[in-house]
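In what follows, a structure is listed as structure tokens, so that the remarks can point back to it.
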Number of protein chains: 2
Amino acid sequence: MSNTTRSKPNKPDARAKLLDAAFSLIRAKGYCATSVDDLCREAGVTKGAFFHHFKSKEELGVAAANHWSEMTGIFFATAPYHDHQDPLERVLGYLDFRRAILQGEVREFTCLVGTMVQETYDTAPAIRAACEASISGHAAKIEADIAEALARAGMKPDWSAKSLALHSQAVLQGAFILAKANGGAEIAGESIDHLKRYICLLFNRS
Amino acid sequence: MSNTTRSKPNKPDARAKLLDAAFSLIRAKGYCATSVDDLCREAGVTKGAFFHHFKSKEELGVAAANHWSEMTGIFFATAPYHDHQDPLERVLGYLDFRRAILQGEVREFTCLVGTMVQETYDTAPAIRAACEASISGHAAKIEADIAEALARAGMKPDWSAKSLALHSQAVLQGAFILAKANGGAEIAGESIDHLKRYICLLFNRS
DNA sequence: AATTAAGTACCGACCAGTTGGTATGTTGTC
DNA sequence: GACAACATACCAACTGGTCGGTACTTAATT
């Protein structure tokens, strides 16, 4: 005990606070509209601290995307839908879960990397790559369950598990855009319902 | 005849050129990263011209979204899929058409208002509203065909024509995000395939 | 045990360039 | 000669980024 402040591995308080500020500001205003000063103000640190931890704003963007991958990875890995032993139920449970977390303000349930990649795909290759890795990394986990469900059902359709997993991410990302345009989560929820219905139809369930 | 340049209603050359510049720049870099100077440079006009036609950058954003609604309205209204007398075939033809126009660079086939609303939904209410009108206006046209297909098939499902029309827009918008992240149109095309397959399953077709 | 050296984390003044926006023209057309 | 459609010069505020300095911890040297 004794050391409330960890000796070696971390304690870079400012860095964590900046990443946190990046999550909320970029999700609300976008990457470009979020200035370095905004981030420092929100995080309660100075510009010196910012450029000590990130050598440019772009590097913070990359770090934010990577941190997002980590956080969401943990978040979904510990979600209850993994309990089902039937892989199809896990996929459906995943969608129920995603629908259930459409709570609160729009900026609180939308996707950081989906927002960021829209602005940066043509101008900041490093950010684009980090966002791509985040999305496809998440999709790969769903793909595994879909592939298992396919094998268990003895199905060999003309679509791949990967394309369906990516399609599910497209639906979610698109649902977020409609929610932003509309100002509410309702539309997003109904879109997830359609996706769930589609998967049920594909697997002849219920 | 005689007046190639319309007498009253338009001919504001600079305005049209600025709107044109807005289309290509905002689709490539986003709304915030596109500066007024950028727009003037691309359009080949001066700042004076810009602020003569638009009293602020936000007003240009609104005008661009409205112009986008007009242009895409005409573009889709004159597309060949309207020839089908069967409403379901029109819906499916619409999706084939949307898949077919995924050509060239990503910035050339993605959606202006979908891109813009992500950045502005929380900071520029007027732009958000214009983007919302654009998306839901377009969706309403598809909704009409879906409703007609539903009536013709004598179906009364537990989902509405409106929600399916909006879902199709969510899929398209999400497909654009994946295309931006991935750098290619392939993923987007496959997502549209999934949507088409879904609608076929819903209507028990082929 | 005291001193030194080095490294990390952070501060805040400062910088040149850019931002959206304005004020004051000029020019061509009805 | 009034008015729309531009052009040019200019502005304060802000942009991302730099830089010299400080406080603190750790390891090596004395």
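Numbered from 1 within each chain, the chains take letters A, B, ... in sequence-line order. What's counted below: heavy atoms across the whole structure, side chains too, no hydrogens, waters or symmetry copies.
Comparing D:dC6, D:dG16, C:dG21 by their nearest atom to the side chain of B:Lys57 picks out C:dG21. Counting only heavy atoms from C-beta on, B:His53 has its side chain closest to D:dA5 among D:dG17, D:dA7, D:dA5. Closest contact between the side chain of A:Ser56 and the listed nucleotides D:dC6, D:dG17, C:dC11 involves D:dG17. Of the candidates D:dT8, C:dC11, C:dC10, D:dT8 carries the atom nearest the B:Thr46 side chain, counting heavy atoms from C-beta on. In this structure, of D:dG16, D:dA7, C:dG20, it is D:dG16 that holds the atom nearest to the side chain of A:Ser35.
Among all heavy-atom pairs drawn from A:Ala33 and A:Asp38, the shortest one is O-OD2, 3.5 Å.
In this structure, NZ on B:Lys29 lies 10.0 Å from OG on B:Ser24, to the nearest 0.5 angstrom. Atom OG of B:Ser191 and atom CG of A:Leu166 lie 8.0 Å apart (nearest 0.5 Å).
With rounding to whole Å, A:Arg41 atom CZ is found 12 Å from D:dA13 atom C1'. To the nearest angstrom, P of D:dT15 lies 18 Å from CD of A:Glu58. Here C:dC11 presents its P atom at 8 Å from NZ of A:Lys17, a figure rounded to the nearest Å. To the nearest angstrom, C1' of D:dG17 lies 14 Å from CG of A:Leu39. Spacing between atom NZ of B:Lys55 and atom P of D:dC6 amounts to 19 Å, rounded to whole angstrom units. Rounded to an integer number of Å, the gap from CG of B:Leu60 to P of C:dT19 is 15 Å. Atom-to-atom, CG of A:Asp37 to P of C:dA13 comes out at 13 Å; the value is rounded to the nearest Å. Summarising the geometry, the separation between CG on B:Asp38 and C1' on C:dG20 is reported as 12 Å, rounded to the nearest angstrom.
Taking for each of A:Gly48 and A:His52 the nucleotide of DNA chain C with the nearest heavy atom, the 5'-most of the two is the partner of A:His52.
Evaluation of atom-type donor-acceptor distances gives a pair under 3.5 Å for the side chain of A:Lys47 against the base of D:dG16.
Using cut-offs of 30° and 60° on the angle between ring planes, the pair B:Phe76 and B:His138 is tilted.
For the pair A:Lys57 and A:Tyr31, the cation sits on the ring face: its NZ or CZ lies under 6.0 Å from the ring centre, inside 45° of the axis.
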